[in-house]
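First comes the structure, then the notes that go with it.
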Protein chains: 2
Amino acid sequence: MKHIADSTVRRLSAYLRFLEDFETRGLTTISSDELAKRGGTTSAQVRKDLSFFGSFGKRGLGYSVPELAGRLREILGLGREWKVIIVGAGKIGAALARHHGFQQRGFTITAVYDADPQIVGLDLDGLAVRDAGHLERDIHRDHPDIAVLAVPEQAAQAVTDRLVRAGIKAVLNFAPAQLQVPPEVTVKTVNMAMELEGLSFALTNRE
Amino acid sequence: MKHIADSTVRRLSAYLRFLEDFETRGLTTISSDELAKRGGTTSAQVRKDLSFFGSFGKRGLGYSVPELAGRLREILGLGREWKVIIVGAGKIGAALARHHGFQQRGFTITAVYDADPQIVGLDLDGLAVRDAGHLERDIHRDHPDIAVLAVPEQAAQAVTDRLVRAGIKAVLNFAPAQLQVPPEVTVKTVNMAMELEGLSFALTNRE
DNA sequence: GAGCGCTTGTGAATTGATTCACAAGATATA
DNA sequence: TATATCTTGTGAATCAATTCACAAGCGCTC
Ligand SMILES: NC(=O)c1ccc[n+]([C@@H]2O[C@H](COP(=O)([O-])OP(=O)(O)OC[C@H]3O[C@@H](n4cnc5c(N)ncnc54)[C@H](O)[C@@H]3O)[C@@H](O)[C@H]2O)c1
Ligand SMILES: NC(=O)c1ccc[n+]([C@@H]2O[C@H](COP(=O)([O-])OP(=O)(O)OC[C@H]3O[C@@H](n4cnc5c(N)ncnc54)[C@H](O)[C@@H]3O)[C@@H](O)[C@H]2O)c1
């Protein structure tokens with residue numbers, strides 16, 4: 001398959017969210033223009049994004065809301081359950097573990113780990129924090145798909161190396177670090193400090 | 001000034017982080033190539049990024065670490081304190097309020113708000129959660145620079161409208177919503193569901 | 001079933017970002 | 001002062017993403 005840009009995937013994800021909203025409001029068809037308005041883009045962009053994967057619309061009519069939603073779920077790989085583990089049960093890790101919004105898109109948090117004996121064993125809305133020493137054993141046994149990294153910056157690379165060695169192929173990283181991984185592993189980093197600095201730049205260099 | 005791409009600003013932010021690391025390790029000069037290796041980019045990219053703002057290096061030598069760090073702080077607007085308020089003191093809002101990592105870059109959390117009377121008054125590491133009803137009054141009085149939005153999706157647009165009307169010009173949004181704001185307001189959205197879906201896509205469409 | 005209004009799908013054109021490649025400046029050495 | 005070595009700064013070239021623009025398809029009406 002042709003290479004798909006990251007920005008395209010993000011927009012597909014946004015389109016799906018809008019479609020689900022339209023679906024609950026009982027609408028059955030939608031045009032690329034309505035979808036674009038909702039997502040702050042253009043109708044040509046919407047059609048181009050979809051065209052990488054096939055043609056899902058009807059000329060003169062638009063797209064069937066449930067059909068397009070289904071296609072997008074398929075494209076994004078949301079037709080199955082993904083097992084997610086969280087490493088680091090501190091402030092951000094605990095907030096994520098107790099967030100139930102990911103479940104509805106098929107991301108199930110199956111385990112949470114920490115290295116601090118004070119934290120191991122704590123209950124996070126029904127999930128007991130496990131000992132990070134058992135990470136490898138558990139990964140070999142349970143085969144989680146995605147690891148969320150919520151440990152301090154200094155520990156981030158070392159924990160990543162352990163995860164990768166144990167077979168993890170996808171990491172969502174919250175530490176403000178540029179992680180080194182082999183090419184078959186995908187990392188997405190959420191760097192809040194960087195976002196704040198982007199705002200600082202915008203406020204400073206407003207013309 | 002010429003328009004600067006978002007991706008450029010993010011890289012500048014990353015360079016600054018590396019420079020600070022080099023600084024603590026006692027290094028005094030660095031080449032664009034070393035900076036590039038550390039940030040997973042190329043030396044030409046580093047030099048091009050910097051060239052938008054001036055020429056800070058010495059041919060044959062590289063860049064002075066403390067000087068370049070200073071210039072980057074200036075460019076990013078980090079030479080001052082930014083007052084940040086957090087709206088929504090739930091799981092994610094509380095985690096952010098209790099995170100002390102933003103302070104060292106000059107982002108001071110000055111207040112946290114919530115609409116739930118059960119939550120108003122709670123102490124978050126020394127910050128008392130204020131009543132969201134006082135948002136406008138407090139913004140007029142304290143002039144915060146940046147608002148972090150950590151309220152449920154359904155409340156996000158309404159709260160944003162209130163913030164914008166009260167004069168806020170920069171918003172860091174954690175709700176999975178595409179916020180509508182006038183052009184003089186900058187919004188950055190951290191959408192974790194979208195990041196997870198990006199990983200799902202990568203795992204599914206691996207060639 | 002011809003004509004009209006609407007919207008898709010997609011090559012072509014354009015705009016934007018990254019990479020190339022090299023002249024020119026800086027230091028060091030003799 | 002001449003020469004060798006290194007690395008910047010930047011136009012030009014390439015690569016990538018977005019926008020344009022329009023032929024073609026679909027449904028509706030008469
Ligand atoms: N809290 C926030 O709002 C926030 C915001 C932005 C970025 N971050 C980043 O997220 C990461 C976590 O932040 P936090 O505020 O949750 O910190 P925290 O100190 O509250 O939590 C970190 C947890 O990781 C655990 N840990 C340390 N080493 C470990 C290891 N090797 N294996 C397993 N667990 C380990 C610690 O015991 C601790 O419980 C940091 O990198 C931080 O910079 C946090
Ligand atoms: N917790 C997470 O890990 C996580 C992850 C991804 C995204 N998010 C998003 O972040 C947002 C907050 O999530 P959360 O898990 O912290 O939810 P939460 O329910 O724990 O907290 C939300 C808080 O906002 C407050 N609130 C509601 N309306 C308000 C208003 N009008 N003014 C001020 N405060 C108001 C509520 O009282 C509550 O305390 C949501 O949009 C969620 O989708 C959270």
Side-chain angles (χ1 to χ4, degrees), chain A residues 1-15 18-19 22 27-72 75 178 198 201 205 207, chain B residues 1-15 18-19 22 27-72 75 178 198 201 205 207:
Chain A
M1 191 211 280
K2 201 179 163 309
H3 175 256
I4 302 296
D6 222 63
S7 49
T8 301
V9 178
R10 302 178 71 83
R11 282 193 299 269
L12 293 177
S13 189
Y15 303 154
F18 302 145
L19 286 168
F22 285 120
L27 294 162
T28 58
T29 60
I30 187 170
S31 68
S32 59
D33 196 51
E34 293 169 279
L35 218 34
K37 286 227 179 64
R38 195 63 195 279
T41 179
T42 65
S43 62
Q45 180 77 81
V46 171
R47 296 197 301 276
K48 181 67 84 184
D49 286 340
L50 296 175
S51 77
F52 294 129
F53 303 96
S55 24
F56 311 126
K58 275 206 175 37
R59 290 165 195 238
L61 248 195
Y63 301 88
S64 148
V65 171
E67 193 207 317
L68 185 56
R71 291 309 192 95
L72 286 177
I75 291 165
Q178 166 91 25
F201 178 83
N205 306 57
E207 47 269 83
Chain B
M1 190 212 278
K2 200 178 164 309
H3 176 256
I4 303 296
D6 223 65
S7 50
T8 300
V9 177
R10 301 178 72 83
R11 282 193 301 267
L12 293 177
S13 188
Y15 302 154
F18 303 145
L19 286 168
F22 285 121
L27 295 163
T28 59
T29 60
I30 187 170
S31 68
S32 56
D33 196 50
E34 292 169 279
L35 218 34
K37 285 225 180 64
R38 196 64 194 281
T41 177
T42 65
S43 63
Q45 179 78 80
V46 171
R47 296 198 301 275
K48 182 66 86 182
D49 286 341
L50 296 175
S51 77
F52 295 130
F53 303 96
S55 23
F56 311 127
K58 275 206 176 33
R59 289 165 196 241
L61 247 195
Y63 302 87
S64 148
V65 171
E67 194 207 316
L68 186 56
R71 293 307 193 97
L72 286 178
I75 291 165
Q178 165 92 24
F201 178 84
N205 306 55
E207 49 270 79

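All heavy atoms count here, side chains included; hydrogens, waters and symmetry mates do not. Proteins get letters first, then strands, A, B, ... in listed order; numbering begins at 1 in each.
- A donor-acceptor contact under 3.5 angstrom links the side-chain atoms of B:Arg59 to the base of D:dT8.
- At the phosphate of C:dG9, OP1 or OP2 sits under 4.0 Å from a side-chain N or O atom of A:Tyr63.
- At least one side-chain nitrogen or oxygen of B:Arg11 sits closer than 4.0 Å to the OP1 or OP2 atom of C:dT18.
- We find that CD of B:Glu34 is positioned 8 Å from P of D:dT7, with the value rounded to whole Å.
- Listed here is the closest heavy atom pair of B:Gln178 and A:Arg38: CG-O, 3.7 Å.
- The minimum heavy-atom distance linking A:Val9 with B:Gly198 is given by the pair CG1-CA, 4.1 Å.
- The heavy-atom pair separating B:Leu50 from B:Leu72 by the smallest distance is CD2-CD2, 4.0 Å.
- Considering only side-chain N and O atoms, A:Thr42 lies under 4.0 angstrom from the phosphate OP1 or OP2 of D:dT19.
- Residue B:Ser32 is in sugar-phosphate contact alone, with no base atom involved, counting any heavy-atom pair closer than 4.0 Å across all strands shown.
- Separating the NZ atom of B:Lys58 from the C1' atom of C:dA26 is a distance of 9 Å, rounded to the nearest angstrom.
- Ranked by how close their nearest DNA chain C nucleotide is to the 5' end, A:Ala44 and B:Asp6 are led by A:Ala44.
- Atom-to-atom, CG of B:Leu68 to C1' of D:dT8 comes out at 13 Å; the value is rounded to the nearest Å.
- Dashed line: the shortest gap from a side-chain N or O of A:Gln45 to OP1 or OP2 of D:dT19 is under 4.0 Å.
- Between the CG atom of B:Asp33 and the C1' atom of C:dC20 there is a distance of 15 Å, given to the nearest Å.
- Here the P atom of nucleotide C:dG11 and the NZ atom of A:Lys48 are 7 Å apart, to the nearest Å.
- Remark on DNA chain D: of its neighbouring residues A:Gly60 and A:Ser7, the 5'-side contact belongs to A:Ser7, judged by nearest-heavy-atom nucleotide.
- Per the geometry, NZ belonging to B:Lys37 stands 10 Å off P belonging to D:dT7, to the nearest Å.
- As judged by a 4.0 angstrom heavy-atom cut-off over every strand, B:Phe56 is placed among residues touching the sugar-phosphate backbone only.
- For the pair B:Phe201 and A:Ile75, the tightest heavy-atom approach, listed with the atom from each and the gap, is CD1-O, 3.3 Å.
- Side-chain atoms of B:Glu34 and B:Ser31 include a donor-acceptor pair closer than 3.5 Å.
- Taking atom CG of residue A:Leu35 and atom P of nucleotide C:dT7, one finds them 13 Å apart after rounding to whole Å.
- Rounding to whole angstrom units, CG of residue B:Leu61 and C1' of C:dA28 are separated by 10 Å.
- The phosphate of D:dG9 (OP1 or OP2) has no side-chain N or O of B:Arg47 nearer than 4.0 angstrom.
- Within the 4.0 Å cut-off from OP1 or OP2 of C:dT8, not a single side-chain nitrogen or oxygen of A:Ser55 is found.
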